[in-house]
Participant: 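Below you'll find the structure I mean.
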Amino acid sequence: MKTLLNAVLVLAAIAGATHAHAQQGHLNVTTIVQKEEVVVDENGQQSTRLVAAAKVVPGDQVVYTVTFANVSDEAADNIVITNPLPAEMTYVEGSAFGPGAEIEFSADGGKSFAAREKLTVPDEQGGQRQARAEDYTHIRWVMREQVRAGSQGVAQFRARLN
Amino acid sequence: MKLAIEAMRRLSGLAVPLLLLSAQQALAAGTLAGTTVENLAEVNYQVGGVDQEVIESSPTGNSTPGAGLGVTTDFVVDNRVDFTLVESGDLGHATVTPGELDEFLQFQLTNTGNATQDFLLTALNLALGSDVDGNIDTDQMANIEVLVDDGDDVLDAGDVDNWVDELAPDAQITIFVRADATPAVDFLAGDVANIELQAVAASAADPGNPGTAVTEDNGPDVIDAVQIVFGDAGEDNLESAQDGYIVSSASLTVTKESLLIADPFNGGTNPKHIPGAVVQYTITVANAGTEAATNVVLTDPLTDVLPIGNVTTDNGAADSCTVSDADADFCGFTGGTLTIGPSASLDVPAGGQLTVTFQVEIQ
């Protein structure tokens, strides 16, 4: 009986494998949200650590960390991570971080992206001005290098709750 | 993993200037407590130069390709209890006259937190000697009451509650404090009675009834629950504002001068204080206060002299008030005491004076 059950499980596994391209991508993508907590040690030295974003009130900052692990046996190329900013949050200037990535921003709902210093929005006089953090709607990380099988990358930014 | 640690290190380095930046911003109430903030990243990539289907993120990791197959990474916005209480209306201490009832002070309560709250209010006398804006407390008001405005910014019959029901984020409301300056004898010109109004945020869960004061959640963090964080000044869920009353009253100084007019032997020339001599008394009542003194009554026990002729005042009133005159409408003389004014409505205006003149004969 036990042998039979095992056989069924093996069959199921094979069935899953044949649909690998439909059911299983090459990357495993995780987003976590954390909050910085100030810790004071016995010598009065302040340091910070990231903890679960359990207690967040307006004005507080949280840190979003996107991890993308290549769980396949092939290298992944031209990886682009796009993260729309939640409507209730404002990007914290200078906080986007991603090793090996060009970081770009969008101020038009994700239609177009540009590096921070090149992104403009219409100003009140009918011209263009450089976009500010509160104008951003999306952030994206364009990876310069491929991520090999078994490796992973990270993209991170900080945002303030409005 | 090393990458993640590096990321944290970098972000930590940013913490101090960024926190300063946020402190400088004047935040309104902000995102409402209970709001779920969702975030979803998507990853596009190629394998061997071939576009692959998008993979969306999930809090625990997702590798199933396809739009809509990710799971948002969420947190719930917690309840920042924050509010301000300030003096409003006519700023500065209110004037009150001795014995005055229902004199009111006005305050404004603003909910600067991100959730609707009830507020519990308490008004109290500050201690003798307390200093509010340079006014040093000398008196205590009686029958202090808190009355929450019904929306018209005027203290009226509709203002009955001593607590605030369901004040929305960014909303404000006028609070009145009413008190009596009694007993009147305790309140002298220039006296000060300082008052403090205190407000505490309470649960708004029961509209129409005062909630219980909220307490901060210091226990384990719960991602999906609305927890309470004190964001008010001092982070103690207690705000107070101080104001007070200054007593406005008459301040009377009475002086009495005498002038020997004549004696039976020398007449008006170098008269002597001998029996039968006539002496003129002038009583001056000066009011250095800020309120008129009304219905002033003067009593003057006379020994060894008897009033003669009329008692006159410098506002033109005059009446005979001799030994035989027992009426008390303007003045009376009974039991050796001259009483001036019981029904004469003698007034001494603020900053003014009243002069009463009468003559007596030395017995």
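So you know, we letter chains A, B, ... as the sequences are listed, proteins then strands, and number each from 1. Everything numeric here is computed off the predicted structure, so don't read it as measured data.
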Participant: Will you find, in the side chains of A/Q24 and B/S63, an N or O donor that is under 3.5 Å from an N or O acceptor?
Facilitator: yes
Participant: For A/P58 and B/A29, work out which heavy atoms get closest and say how close.
Facilitator: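 Closest pair (atom of A/P58, atom of B/A29, distance): CG-O, 3.6 Å.
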Participant: For B/T73 and A/T31, indicate whether the former's side chain and the latter's backbone hold a donor-acceptor pair under 3.5 Å.
Facilitator: yes
Participant: Using 0.5 Å steps for rounding, measure from the CD atom of A/E74 to the CD atom of B/Q46.
Facilitator: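 Here the interatomic distance stands at 13.0 Å.
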Participant: So which heavy atom on A/A76 is nearest to which on B/Y45, and how close?
Facilitator: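 Reported closest heavy-atom pair: CB-CD1, 3.8 Å.
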Participant: If you count the non-hydrogen atoms of other residues, nucleotides and ligands that lie under 6.0 Å from CD in A/E145, is the total more than 12?
Facilitator: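 Open.
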Participant: What part of B/E42 gets closer than 4.5 Å to chain A, counting heavy atoms only: side chain, backbone, both or neither?
Facilitator: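 The answer is both parts of B/E42.
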Participant: I'd like to verify something: which residue of A/I32, A/N28, A/N78 has the highest number of heavy-atom pairs under 4.5 Å with chain B?
Facilitator: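 Between A/I32, A/N28, A/N78, the count favours A/N28.
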Participant: I'd like to verify something: which residue of B/V229, B/V77, B/V47 has the highest number of heavy-atom pairs under 4.5 Å with chain A?
Facilitator: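 Most pairs with chain A among the choices: B/V47.
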Participant: I'd like to know whether CZ of A/R148 has more than 12 heavy-atom contacts from other residues, nucleotides or ligands below 6.0 angstrom.
Facilitator: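 Count not over threshold, so no.
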Participant: Taking all non-hydrogen atoms of both residues into account, name the closest pair between A/L161 and B/V37 and its distance.
Facilitator: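 So the two residues come closest at CD1-CG2, 4.0 Å.
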Participant: Answer with side chain, backbone, both or neither: which region of B/T72 has an atom nearer than 4.5 Å to a non-hydrogen atom of chain A?
Facilitator: neither
Participant: Can you tell me how far apart CD (B/Q52) and CD1 (A/I79) are? Round to the nearest 0.5 Å.
Facilitator: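 Result: 11.0 Å between the selected atoms.
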Participant: So which part of B/D82 gets closer than 4.5 Å to some heavy atom of chain A, the side chain, the backbone, both or neither?
Facilitator: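 Neither the backbone nor the side chain of B/D82 comes within 4.5 Å of chain A.
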Participant: Closest heavy-atom contact between A/D77 and B/G49?
Facilitator: OD2-N, 4.0 Å
Participant: Pick one of side chain, backbone, both or neither for B/T60, based on which atoms fall under 4.5 Å of a heavy atom in chain A.
Facilitator: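 For B/T60, the contact with chain A is made by the backbone alone.
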Participant: Rounded to the nearest 0.5 Å, what's the gap from CZ on B/F75 to CG on A/D60? Could you check?
Facilitator: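 The CZ atom of B/F75 sits 8.5 Å away from the CG atom of A/D60.
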Participant: Which heavy atom of A/L27 sits nearest to which heavy atom of B/I55, and what is that distance?
Facilitator: O-CD1, 3.4 Å
Participant: Is there side-chain contact between B/E56 and A/V29, with heavy atoms separated by less than 4.5 Å?
Facilitator: no
Participant: Using heavy-atom distances under 4.5 Å, tell me whether B/N62 contacts chain A through its side chain, its backbone, both, or neither.
Facilitator: both
Participant: So what's closer than 4.5 Å to chain B heavy atoms on A/V66: side chain, backbone, both or neither?
Facilitator: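 A/V66 touches chain B through side-chain heavy atoms alone.
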Participant: Is atom CG of B/D131 surrounded by more than 12 heavy atoms (other residues, nucleotides or ligands) closer than 6.0 Å?
Facilitator: yes
Participant: Please classify the contact of A/V62 with chain B as side chain, backbone, both or neither, using a heavy-atom distance under 4.5 Å.
Facilitator: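 Contact with chain B involves the side chain of A/V62 alone.
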Participant: CG of B/N39 to CZ of A/F157: how many Å apart, nearest 0.5 Å?
Facilitator: 5.0 Å
Participant: Grab the two heavy atoms, one from B/D74 and one from A/V33, that are nearest each other, plus how far apart they are.
Facilitator: O-CG1, 3.9 Å
Participant: Roughly how far, to the nearest 0.5 Å, is the OG atom of B/S57 from the OH atom of A/Y64?
Facilitator: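 Those atoms lie 10.5 Å apart.
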Participant: With rounding to the nearest 0.5 Å, note down the distance linking CG in A/N162 to CG in B/L32.
Facilitator: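 Answer for the CG-CG pair, A/N162 versus B/L32, is 12.0 Å.
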Participant: I'd like to verify something: which residue of B/L40, B/D51, B/V71 has the highest number of heavy-atom pairs under 4.5 Å with chain A?
Facilitator: B/L40
